[in-house]
Engineer: 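One structure follows; several queries about it will come next.
In what follows, chains are A, B, ... by sequence order, proteins preceding strands, each numbered from 1.
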2 protein chains.
Amino acid sequence: MNRPCTEHGHVHRLIQPALTDLTEKLRAGDRKITGPRQSILNVLRQHASPLTNREIHTLLADECDLATVYRNIHTLLKMGLVNRVDIGDGTARWELMADAADHHHHHLVCTGCQAIVEVEGCFPVDFEQQLTRRHGFSQVTHRLEFFGLCPKCQAQATGAAATEPERA
Amino acid sequence: MNRPCTEHGHVHRLIQPALTDLTEKLRAGDRKITGPRQSILNVLRQHASPLTNREIHTLLADECDLATVYRNIHTLLKMGLVNRVDIGDGTARWELMADAADHHHHHLVCTGCQAIVEVEGCFPVDFEQQLTRRHGFSQVTHRLEFFGLCPKCQAQATGAAATEPERA
DNA sequence: CTGGTTGCAAACACTTTGCATGTCG
DNA sequence: CGACATGCAAAGTGTTTGCAACCAG
């Protein structure tokens with residue numbers, strides 16, 4: 001389902017919701033189809049790697065204000081159209097939520113260069129239910145991210161002056 | 001392993017590293033055992049639920065400056081003594097890293113009241129290796145958090161306007 | 001026409017940093 | 001004594017919000 005992107009070093013999702021499907025959802029939620037809103041959705045559609053609000057704004061080439069990006073992302077979040085991704089640097093990243101339940105996935109983040117790779121698969125739902133049942137929680141979801149050193153950064157680390165003390 | 005804390009509504013970890021073990025690690029890293037540093041470690045030892053820098057500072061009752069908390073947490077992070085936890089609100093939280101590899105755990109966060117419960121167990125390491133092997137990453141770790149509605153918030157939601165203050 | 005939306009700027013919250021002073025080892 | 005640590009304040013980011021003008025439905 002995925003194809004490596006030689007230019008950016010990450011994986012592009014081939015299957016992205018059609019823009020019409022997205023605007024349709026907006027309409028259903030009594031939201032207006034404005035220019036900035038369509039642009040934001042398009043930018044997200046073209047980048048599988050989660051983007052920060054600032055990155056979205058930059059990619060939009062000042063088509064709209066940064067505050068508008070924040071407001072729209074927030075709206076899209078409430079409508080369940082985007083998904084928040086945290087990679088531990090304190091900045092929120094956003095990706096388009098694939099249609100409903102399918103295409104559940106996670107990310108593999110390089111601790112060296114911050115590159116984000118999308119990984120398929122996840123643990124069985126039984127695991128989640130089993131783990132949370134005893135606590136009486138309902139509507140349980142999860143967020144799972146992997147971290148590690150990507151091939152490039154590994155080479156760079158070993159190749160360069162061997163100043164890399166082994167870490168536990 | 002855990003015991004519910006009636007006062008704070010979360011779960012306290014019974015097994016926490018002894019303060020001497022912690023200061024020992026500091027010494028080993030050529031770090032000084034200062035007053036603020038010991039206090040921070042003690043606060044973390046007494047609260048299993050991850051704390052924000054501000055919370056730590058408050059619990060310290062102004063024993064030291066907020067900036068000192070930030071700096072020390074950063075130091076402890078680099079030394080591998082604390083672990084960062086993100087629950088999706090943009091604020092970093094910190095918990096004491098249990099001894100080495102054991103006591104690997106995750107968190108169950110209530111989307112209603114932000115309460116954090118520690119959950120034991122995790123998927124088999126094989127899963128992680130299998131999932132990331134194809135990407136050539138090394139030193140792979142992961143971060144996993146569960147989200148859901150805690151029993152209290154469920155009742156509050158169904159009971160509608162029903163008076164259910166019950167100081168949380 | 002009308003309420004949602006936007007631009008702009010100010011306000012906020014969290015986090016980092018420069019510098020002089022203080023203190024552990 | 002020397003290097004690291006701290007307090008204080010200022011500056012940096014990421015994010016939110018008030019308000020008047022604007023625009024999609």
Side-chain angles (χ1 to χ4, degrees), chain A residues 19-20 22-43 50-79 81-95 114, chain B residues 19-20 22-43 50-79 81-95 114:
Chain A
L19 190 56
T20 47
L22 295 172
T23 55
E24 196 47 51
K25 290 184 180 175
L26 281 177
R27 236 183 287 277
D30 277 320
R31 298 296 175 157
K32 296 179 178 176
I33 315 296
T34 67
R37 206 159 272 176
Q38 288 186 72
S39 300
I40 291 173
L41 285 174
N42 255 328
V43 165
L51 301 173
T52 65
N53 285 303
R54 186 171 298 281
E55 286 169 340
I56 294 172
H57 178 244
T58 300
L59 288 167
L60 253 44
D62 283 298
E63 266 184 65
C64 73
D65 194 75
L66 178 57
T68 298
V69 175
Y70 274 94
R71 276 191 278 234
N72 276 319
I73 286 293
H74 188 243
T75 298
L76 294 175
L77 176 65
K78 283 190 302 182
M79 299 186 68
L81 282 175
V82 297
N83 187 37
R84 177 180 178 138
V85 179
D86 278 298
I87 67 169
D89 68 348
T91 306
R93 285 174 170 72
W94 313 92
E95 67 180 358
Q114 306 288 98
Chain B
L19 191 56
T20 47
L22 295 172
T23 54
E24 195 49 49
K25 290 184 181 176
L26 281 177
R27 237 182 286 276
D30 277 318
R31 299 296 174 158
K32 296 178 179 175
I33 315 296
T34 67
R37 205 159 274 175
Q38 287 186 72
S39 300
I40 291 173
L41 285 174
N42 254 328
V43 165
L51 301 173
T52 66
N53 285 302
R54 186 170 298 279
E55 287 170 340
I56 295 172
H57 178 244
T58 300
L59 287 167
L60 252 45
D62 283 298
E63 266 185 65
C64 73
D65 194 77
L66 179 56
T68 298
V69 175
Y70 273 95
R71 276 191 278 233
N72 276 319
I73 285 292
H74 188 242
T75 298
L76 295 175
L77 176 66
K78 283 190 302 184
M79 300 185 67
L81 282 175
V82 296
N83 187 38
R84 177 179 178 138
V85 178
D86 279 299
I87 67 170
D89 67 348
T91 306
R93 284 173 170 72
W94 311 93
E95 67 180 359
Q114 305 289 96

Engineer: Rounded to whole Å, please give me the gap between OH in Y70(B) and C1' in dT13(D).
Structural biologist: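 For the pair Y70(B) OH and dT13(D) C1', the rounded distance is 12 Å.
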
Engineer: Whether N53(A) contacts dT16(D) is assessed here as follows: a side-chain N or O lying under 4.0 Å from the phosphate OP1 or OP2. Is that the case?
Structural biologist: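 Answer is no, no contact under 4.0 Å.
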
Engineer: Judged by each residue's nearest nucleotide on DNA chain C, which is more toward the 5′ side, R71(B) or G90(B)?
Structural biologist: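 Closer to the 5' end of DNA chain C: G90(B).
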
Engineer: Minimum heavy-atom separation for P50(A) to E55(A), with atom names?
Structural biologist: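 So the two residues come closest at O-OE1, 4.1 Å.
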
Engineer: List in numerical order all residues of residues 27-40 of chain B for which some heavy atom is under 4.0 Å away from an atom belonging to DNA chain D.
Structural biologist: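 Contacts with DNA chain D under 4.0 Å: R31(B), K32(B), T34(B), P36(B), R37(B).
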
Engineer: Check T52(B), L59(B), I56(B) against V69(B) for a side-chain contact (heavy atoms from CB on, under 4.5 Å) and give me the one that passes.
Structural biologist: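 Running side-chain contact (heavy atoms from CB on, under 4.5 Å) over T52(B), L59(B), I56(B) with V69(B) returns exactly one hit, I56(B).
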
Engineer: For DNA chain C, note the earliest and the latest nucleotide, 5' to 3', having some atom under 4.0 Å of a heavy atom belonging to chain A.
Structural biologist: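 For DNA chain C, the relevant span reads dG3(C) to dA9(C).
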
Engineer: With side chains defined as the heavy atoms from C-beta onward, is the minimum distance between T75(B) and L81(B) less than 4.5 Å?
Structural biologist: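 Sidechains of L81(B) and T75(B): no contact.
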
Engineer: Considering residues at least two apart in sequence or located in another chain, which fulfil the salt bridge (charged side-chain N to carboxylate O under 4.0 Å, His left out) criterion with R54(A)?
Structural biologist: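 Per chain and number, R54(A) pairs via salt bridge (charged side-chain N to carboxylate O under 4.0 Å, His left out) with no residue.
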
Engineer: Does any non-hydrogen side-chain atom of T34(B) lie less than 4.5 Å from one of T68(B)?
Structural biologist: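 T68(B) vs T34(B): side chains apart.
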
Engineer: Not counting sequence neighbours, which residues clear salt bridge (charged side-chain N to carboxylate O under 4.0 Å, His left out) with E63(A)? List them please.
Structural biologist: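 For E63(A), no residue satisfies salt bridge (charged side-chain N to carboxylate O under 4.0 Å, His left out) once neighbours in sequence are set aside.
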
Engineer: Expressed as a whole number of angstroms, how long is the span from H74(A):NE2 to dG14(D):P?
Structural biologist: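 These atoms are roughly 19 Å apart.
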
Engineer: Rounding to an integer number of Å, can you tell me how far D89(B) CG sits from dG14(D) P?
Structural biologist: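 About 17 Å, once rounded to whole Å.
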
Engineer: Do any N or O atoms from the side chain of R37(B) and from the backbone of K32(B) form a donor-acceptor pair under 3.5 angstrom?
Structural biologist: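 Checked: pair present.
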
Engineer: According to salt bridge (charged side-chain N to carboxylate O under 4.0 Å, His left out), who are the partners of R93(B), at least two apart in sequence or on a separate chain?
Structural biologist: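 Here the qualifying residues are D89(B).
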
Engineer: Which residues in residues 57-68 of chain A have a heavy atom closer than 4.0 Å to any atom of DNA chain C?
Structural biologist: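 Of all residues in residues 57-68 of chain A, the ones placing a heavy atom under 4.0 Å from DNA chain C are E63(A), C64(A), D65(A), A67(A), T68(A).
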
Engineer: Taking the side chain as C-beta and beyond, is there a heavy-atom pair between R27(B) and E24(B) under 4.5 Å?
Structural biologist: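 Heavy-atom side-chain distance check passes, below 4.5 Å.
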
Engineer: Do L26(A) and L76(A) have side chains that approach each other closer than 4.5 Å (heavy atoms only, starting at C-beta)?
Structural biologist: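 They are in contact (side-chain heavy atoms under 4.5 Å apart), so the answer is yes.
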
Engineer: If we ignore hydrogens and angles and just use 3.5 Å, is the side chain of H57(A) paired with the main-chain N or O of C64(A) as donor and acceptor?
Structural biologist: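 Side chain of H57(A) to backbone of C64(A): a pair is present.
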
Engineer: Round to a whole Å and report the spacing from CG of L76(A) to P of dT15(D).
Structural biologist: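 Answer to the nearest Å: 15 Å.
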
Engineer: Output the rounded distance in Å from CD (E55(A)) to P (dT15(D)).
Structural biologist: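 Checked: the CD to P distance equals 11 Å.
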
Engineer: Taking CD1 from I73(A) and C1' from dG14(D), how many angstroms apart are they, rounded to a whole number?
Structural biologist: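 After rounding, the gap between these two atoms is 14 Å.
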
